[in-house]
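Following: one structure in structure tokens, then a few remarks.
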Amino acid sequence: MRDATRLLAVTLALLLTTGCAILPFVPTPTEVAEALTGDRTGNASGVADRFTDQRILWYPCYSREEAREGHQWGADPSWLRELECGTLLVPLDHSDPQGRSLRLAVMRAPADGPPEERIGSLVINPGGPGGYGIETLYYRPFSDEIRVSFDLVSFDPRGVGASHGLACGDWEALYAEIDAAVAVGADDLTEDGLAALDGRARAYAQDCVDEAGEEFLAAMGTVNVVRDLELLRRALGDDALTYVGYSYGTHIGALYAHLYPETSRALVLDGGVETDHTNAEAAYEQAVGFQESWEHFAEYCVSSADMCPFDTADGAGPLMEDVLDGLDEDPYEIDGWRIDAAAFMDLVSASLYDEYNWDILDDVLYALDTGEGGQNRLQWFYDTVYYTYTEDEEEQAYFDQESLATMTAVNCADRADPVDLGTYLETARREARDAPLFAGNVWLQLPCAYWPETEEAPTGFTAPDAPPLVVVGTVADPATPYAWSRELTDQLETATLVTYEGGGHTIYGYGVNRCVDDVVDTYLLALTPPGSGHTCRPE
């Protein structure tokens, strides 16, 4: 029986980033001393002066020779040469500034314009939890107007990448048990199968406790990332924060606006996330978001595609079942990877992150359905949407382990999760029923039932004293459903929603929709938020 297909590591990697490729020469910031300013007043939170008064010492991220290699991956060597690296010192526990500290990797692209046109820093978070922050600056982002006025800054949050990256637990064993559970189906899962899955989730959580320690895991939540962000703002010398957060980064930005409204200048929250539900419930809603994004694709295919394999949008589901059955019976092989039904659905999930992949998706479905050129079309599809960190298998395995570990640690810290197995089973049954092509994500949340005690992020916050905030929501966003952006806008008292009536995961700053880019640029540059109900159509 196949009533669901899990999201594998390829989709997990996409959930953790905005989709830009990672260069193989990730810079490791050197240990440099912080330059301290003369203000020694401390602050009310009790964080020591060595954190609140620091200044980042910047140095070139790449030598001329290293930057030259960037053209092999589509990066501009001259841009890479402009990038500057540094470190920010933060306490592991902000309530104990004399205890253990961490160094966070920070990267900056200095403003292109003259000093008199510079507004300040624009801090960027690409999402996750677990997204590498510094990779967002590998390619020249945003409009010319934004780059003239702002130093672009990003950082690897605590527990990510070069900021004491957390890699723990046997993710492959956990995925194997999830595979087995999904193959059977949530409705038909036996007590033995459920016990095996539960035991693997418990072992995963215990492995992370043993490898990282309870103290470190307790401090991984978003509330501490937000406190780090405030220290970064101070270290950058900005009177108030200008920020763009994508996906999970909207949680960081929204909570910052609530905790630090007096130092919030302009915050853009693109691809809003839900902040109050349990992880299992959020995973269910995300799976439904993927299903709805698939349905938007099906409608597009019928109305606009030259080679759509189905006549009506309702026919997309049955055709996909036929295609998946065929792949299980006679799988393809691409670059040494066996493309069966589960692997193909990973690629389909990845393709939904960018609406410009829709024409490739309808083409490969047509080829698989008719048997005409399936191998070539599937290779094209694979080359277009497959996300990989590195060609080195050991490095890729470490990246996958770190990605799942960081995402799990932050999610478990942020939300109060149920500890009874029956709640997860019931949620998985709803997921399989309402998102039959994309179910399986709920079981990834099961380790939270056995996670150690953490400092949870506030829930139900409204940021009533924050300046105007802008939320951007995409109607057919698979990973952060549009409903979440609407909910986040309603939750934040000063927020305004910009709606993009297209597909893909997040939209601002990519240069693909001038309507969204122009209205958000105006907000960031002139502090003029859009009017209520602002809507942009695909170009």
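Remember, predicted model here, so these are calculated numbers, not experimental data. We number each residue from 1, following the sequence as shown.
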Ignoring hydrogens and angles, write down the donor-acceptor pairs under 3.5 Å from the side chains of residues 406-418, residues two or more places apart or on other chains.
unit_1: Thr406; atom_1: OG1; unit_2: Gly159; atom_2: O; d: 3.1
unit_1: Thr406; atom_1: OG1; unit_2: Glu402; atom_2: O; d: 2.9
unit_1: Thr408; atom_1: OG1; unit_2: Leu404; atom_2: O; d: 2.7
unit_1: Asn411; atom_1: ND2; unit_2: Met407; atom_2: O; d: 3.3
unit_1: Asp414; atom_1: OD1; unit_2: Thr222; atom_2: N; d: 2.9
unit_1: Asp414; atom_1: OD1; unit_2: Thr222; atom_2: OG1; d: 3.4
unit_1: Asp414; atom_1: OD2; unit_2: Thr222; atom_2: OG1; d: 2.5
unit_1: Arg415; atom_1: NE; unit_2: Asn279; atom_2: OD1; d: 3.3
unit_1: Arg415; atom_1: NH1; unit_2: Glu274; atom_2: OE1; d: 3.1
unit_1: Arg415; atom_1: NH1; unit_2: His277; atom_2: O; d: 2.7
unit_1: Arg415; atom_1: NH2; unit_2: Glu274; atom_2: O; d: 2.6
unit_1: Asp417; atom_1: OD1; unit_2: Asn279; atom_2: N; d: 2.8
unit_1: Asp417; atom_1: OD1; unit_2: Asn279; atom_2: ND2; d: 3.3
unit_1: Asp417; atom_1: OD2; unit_2: Asn279; atom_2: ND2; d: 2.6

| request: Would you list the pairs meeting disulfide (SG to SG under 2.5 Å) in which at least one residue belongs to residues 314-375, sequence neighbours left out? | output: none
| query | How would you list, by chain and number, every residue that makes a ring-ring contact (aromatic ring centres under 6.0 Å, His included) with Tyr248, sequence neighbours excluded? | reply | none
| Side chains of Asp198 and Tyr450: do they bring a donor and an acceptor to under 3.5 Å? | yes
| remark: Sequence neighbours excluded, the answer for ring-ring contact (aromatic ring centres under 6.0 Å, His included) partners of Phe142 is Tyr508
| request: Can you sort out the partners of Asp170 under salt bridge (Lys or Arg N to Asp or Glu O under 4.0 Å), two or more places apart, ordered by chain and number? | output: none
| query | Can you list the residues that meet the side chain to side chain contact (heavy atoms under 4.5 Å, CB included) rule with Ser485, with sequence neighbours excluded? | reply | Val471, Leu497
| said: When you compare the side chains of Tyr482 and Glu501, does any donor N or O come within less than 3.5 Å of an acceptor on the partner? | reply: no
| query | Less than 6.0 Å separating the ring centroids of Phe290 and Trp294? | reply | no
| task | Kindly write out the residues that satisfy salt bridge (Lys or Arg N to Asp or Glu O under 4.0 Å) with Arg486, not counting sequence neighbours, or none if the list is empty. | result | none
| said: Is the ring pair Tyr353/His505 parallel, tilted or perpendicular, if the boundaries are 30 and 60 degrees? | reply: perpendicular
| request: For Tyr382, enumerate each residue passing the ring-ring contact (aromatic ring centres under 6.0 Å, His included) test, keeping only those at least two apart in sequence or located in another chain. | output: Trp337, Tyr386
| task | Please identify each residue that fulfils ring-ring contact (aromatic ring centres under 6.0 Å, His included) with Trp451, with sequence neighbours left out. | result | none
| remark: Residue set satisfying side-chain hydrogen bond (donor to acceptor under 3.5 Å, both in side chains) with Thr190, at least two apart, ordered chain then number -> none
| task | Check side chain to side chain contact (heavy atoms under 4.5 Å, CB included) between Glu539 and all other residues, then give those that pass, not counting sequence neighbours. | result | Asn513, Arg514
| Pairs satisfying disulfide (SG to SG under 2.5 Å), at least one member in residues 275-380, at least two apart | Cys301-Cys308
| Are Phe399 and Tyr132 an aromatic pair by the rule of ring centers under 6.0 Å? | yes
